[in-house]
Amino acid sequence: MADHTRSICILRLQAQAALRAVLAVVLVTACERQGEPGPDDLPAATAQTQPSPQGPDTPQVNRLTGVDAQDDPAGPRALPRTVELVDWIKVRPVRVVDPQRLWELHPDASRRSLLGSYSIEQVVECGYQAADDKAAAAVLLAEAATPADAFGIFQLLAGDAPRLTPADRSQRAVLGNGTDPAMLAWQGRNFVHIRFTGADSEAAREICRRLFDRVVFNLPAADAPFLVEAVPPDRRETCRIWTARSTAVLALAGPDALPPMDGALMDARLGLDGRAMLTVARVQAVEGEHPNVLWVVEYPDADSASAAERRYRQALEAPAGPLDANTIIDAARGRFLAGSWAADQESLQHLLGVLAEALDS
């Protein structure tokens, strides 16, 4: 019996020794692998840092998170972060820039300074690179003091490009060619300009449109100037509308867009001192005929509107030129004064009456 018990003890000791030997081999192997990780040992979300395609001065880009951590906190939240996008990586962080960057978008360098009459609170820029490294996007976004200021900037910088008004109430336009388009939008108090490059396929152009849509969708909406609604629906496609704090800036609309006028003289008549906002609509009635040119000024108070009406009526008693001879004005209505700089066409279209109803409603 004693021999049997000793045999059992010996067998247990041998088994324990064998187990300790196996554990030792496992631990040594694990330590060796910890020092030399293989491809299968790396976490799936490991970030790879690569140089940005924007140039040597652009920060290194984390291919998973972009450079979003470097965004200026004063910038708008509408500009999406890399983690919010499928096809794009932010390669240049959001930076507040001088408003002059916005004026540089207008092709007429000699008159760009006129855009400074708009009230701008902030201009920011950033850049994105497509995940496949082909297309790139340079974003410029301006936050204006009012929707009318942003609307005016958009209308002047979009030029004669066709306007699109989607369900989100923004207005949009596309300039340039299909490979390197510039997409512009007005939404609320914001003007958006995104210059795309390298969109050399329909798939690339589609992800460009998605990035543009995402930025515009993130911006709060606002109503367009009510003069837009006063234009008959069948004429809106060919209608051009501008908003401005000075008639001088309307020169940027082009030499044939509006009747020639003395900007300083007209600003004095209308009381455009920087607080009032002028909206002008050029409405084409019949192809080949000159358009009706409606205008309405919104003043800070009713007294300013009434004073402007008195000044303008007095000036029209002794017309100073062809524009005065073809001008008609309506009675001031609260804070608003409206008229037409094409009285001959207004006598046929009767749009001032439609506008008066909109102002009284």
Whether the [X] and [Y] side chains hold a donor-acceptor pair (N or O, under 3.5 Å, no angle test) is what I'd like checked.
| X | Y | result |
| --- | --- | --- |
| Q155 | Q171 | yes |
| S304 | D301 | yes |
| D149 | S119 | no |
| D200 | T179 | no |

- Identify whether L175 and V139 are in the same connected component of the hydrophobic contact network (ILVMFWY, side-chain heavy atoms under 4.5 Å).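 Looking at the clustering, V139 is in a separate group from L175.
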- Treating Ile, Leu, Val, Met, Phe, Trp and Tyr as nodes and any side-chain heavy-atom pair under 4.5 angstrom as an edge, say whether L219 and L85 lie in one connected cluster.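 Yes, L219 connects to L85 through the hydrophobic network.
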Spacing of [atom1] belonging to [X] relative to [atom2] belonging to [Y], to within rounding of 0.5 Å:
| X | Y | atom1 | atom2 | answer |
| --- | --- | --- | --- | --- |
| L252 | L114 | CG | CG | 5.0 Å |
| Q70 | K90 | CD | NZ | 10.0 Å |
| K134 | I207 | NZ | CD1 | 9.5 Å |
| R210 | R205 | CZ | CZ | 13.5 Å |

- Query: Could R163 and F154 be counted as a cation-pi pair, given that NZ or CZ must be under 6.0 Å from the ring centre and within 45° of the axis?
  - Reply: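 Checked: cation-pi criterion met.
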Any [X] side-chain heavy atom under 4.5 Å of [Y] side chain:
| X | Y | value |
| --- | --- | --- |
| R311 | Q314 | no |
| V228 | F151 | yes |
| R195 | M183 | no |
| D324 | R269 | yes |
| W341 | N292 | no |
| P166 | R172 | yes |
| L211 | C208 | no |
| D72 | P93 | no |

- Message: I need the single residue from L105, L102, L157, I120 that forms a side-chain contact (heavy atoms from CB on, under 4.5 Å) with L115. Which is it?
- Response: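 Result for side-chain contact (heavy atoms from CB on, under 4.5 Å) with L115: L157.
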- Item | Option from L141, L140, L184, N218 for which side-chain contact (heavy atoms from CB on, under 4.5 Å) with V192 holds |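 Exactly one pass, corresponding to L141.
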- Item | Contact summary for P80 and Y128, nearest pair of heavy atoms |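 Scanning both residues completely, I find the closest heavy atoms to be O-OH, 2.6 Å.
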- Quick one: do R95 and D71 satisfy salt bridge (charged side-chain N to carboxylate O under 4.0 Å, His left out)? Show the steps, please. CA-CA 7 Å; R95 289 285 181 264; D71 286 349; 5.6 Å; no
- Message: Once you measure the plane-to-plane angle for F196 and W88, does it fall in the parallel (<30°), tilted (30-60°) or perpendicular (>60°) bin?
- Response: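 Aromatic pair F196/W88 classed tilted.
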When the ring centroid of [X] is compared with that of [Y], is the distance short of 6.0 Å?
| X | Y | result |
| --- | --- | --- |
| W186 | F191 | no |
| W295 | Y312 | yes |
| F336 | F226 | yes |

- Item | Test: R101 and E104 ion pair at under 4.0 Å |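 Answer for the salt bridge query: yes.
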- Query: Hey, is E298 close enough to R335 for a salt bridge, meaning N to O under 4.0 Å?
  - Reply: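 R335 and E298: salt-bridged.
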Would you check if the side chain of [X] reaches a backbone N or O of [Y] as a donor-acceptor pair within less than 3.5 Å?
| X | Y | result |
| --- | --- | --- |
| R112 | H106 | yes |
| E309 | A332 | yes |
| D267 | S246 | no |

- E202, CD atom: more than 12 neighbouring heavy atoms under 6.0 Å: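 Yes, CD of E202 has more than 12 neighbouring heavy atoms, counting only those of other groups under 6.0 Å.
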